[in-house]
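Worksheet: the structure to be examined is printed underneath.
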Amino acid sequence: MLRQQFPNGYEASITRIKNAKNEPIFVFPLETEDAVYLVKVPATRNSEGEYAVESGKKQEFESPEDEGFYSGGRL
């Protein structure tokens, strides 16, 4: 599903929002037939107070059955 919606990676779709503690988090939308999910992306704060979104390594799968749940960066 991620590969279909984001064949070139989801980095351009990342949005900054605030959580209940008023802290910034970074998410991208993942749409299904029944719902729209916001998938949280890991981010780190540098010494200057700016945030850098962490991109995971591309994950390769041998077959569709091996895919399972993927919560990393670019596919």
Side-chain angles (χ1 to χ4, degrees):
M1 188 177 347
L2 284 171
R3 287 183 185 155
Q4 290 174 342
Q5 290 185 32
F6 303 101
N8 297 318
Y10 56 75
E11 291 159 345
S13 300
I14 295 174
T15 303
R16 179 180 172 161
I17 62 173
K18 298 218 178 206
N19 64 11
K21 296 179 183 178
N22 207 28
E23 300 167 333
I25 60 171
F26 298 86
V27 297
F28 68 92
L30 180 62
E31 299 180 26
T32 67
E33 291 181 24
D34 300 326
V36 176
Y37 298 94
L38 291 179
V39 180
K40 185 177 177 183
V41 180
T44 56
R45 193 171 188 177
N46 64 21
S47 60
E48 298 171 359
E50 297 176 358
Y51 289 91
V53 174
E54 299 174 11
S55 293
K57 293 181 181 177
K58 185 175 181 177
Q59 185 170 351
E60 298 292 335
F61 300 108
E62 292 180 18
S63 68
E65 293 82 27
D66 296 335
E67 289 187 19
F69 179 76
Y70 179 72
S71 61
R74 179 179 230 162
L75 284 177

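- Residue Lys21 comes nearest to Asn19 through the heavy atom pair N-OD1, 3.0 Å, listed as atom of the first residue, atom of the second, then distance.
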Side chain to side chain contact (heavy atoms under 4.5 Å, CB included) between Tyr10 and Val41, intermediate numbers included: CA-CA 10 Å; Tyr10 56 75; Val41 180; 3.9 Å; yes
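- In terms of modelled atom types and a separation under 3.5 Å, the side chain of Gln5 and the main chain of Glu31 share a donor-acceptor contact.
- More than 12 heavy atoms of other residues, nucleotides or ligands sit less than 6.0 Å from atom OH of Tyr51.
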Verdict with supporting geometry, Leu2 and Val39, side chain to side chain contact (heavy atoms under 4.5 Å, CB included): CA-CA 11 Å; Leu2 284 171; Val39 180; 5.6 Å; no
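- Two different hydrophobic clusters hold Phe6 and Val27 under the rule that ILVMFWY side chains link at heavy-atom gaps under 4.5 Å.
- Among all heavy-atom pairs drawn from Pro29 and Ser13, the shortest one is CD-O, 3.8 Å.
- Shown here is Glu23, whose CD atom has more than 12 heavy atoms of other residues, nucleotides or ligands within 6.0 Å.
- Placement of Ile25 and Phe28 in two distinct hydrophobic clusters is found when ILVMFWY residues are connected by side-chain heavy-atom separations under 4.5 Å, directly or transitively.
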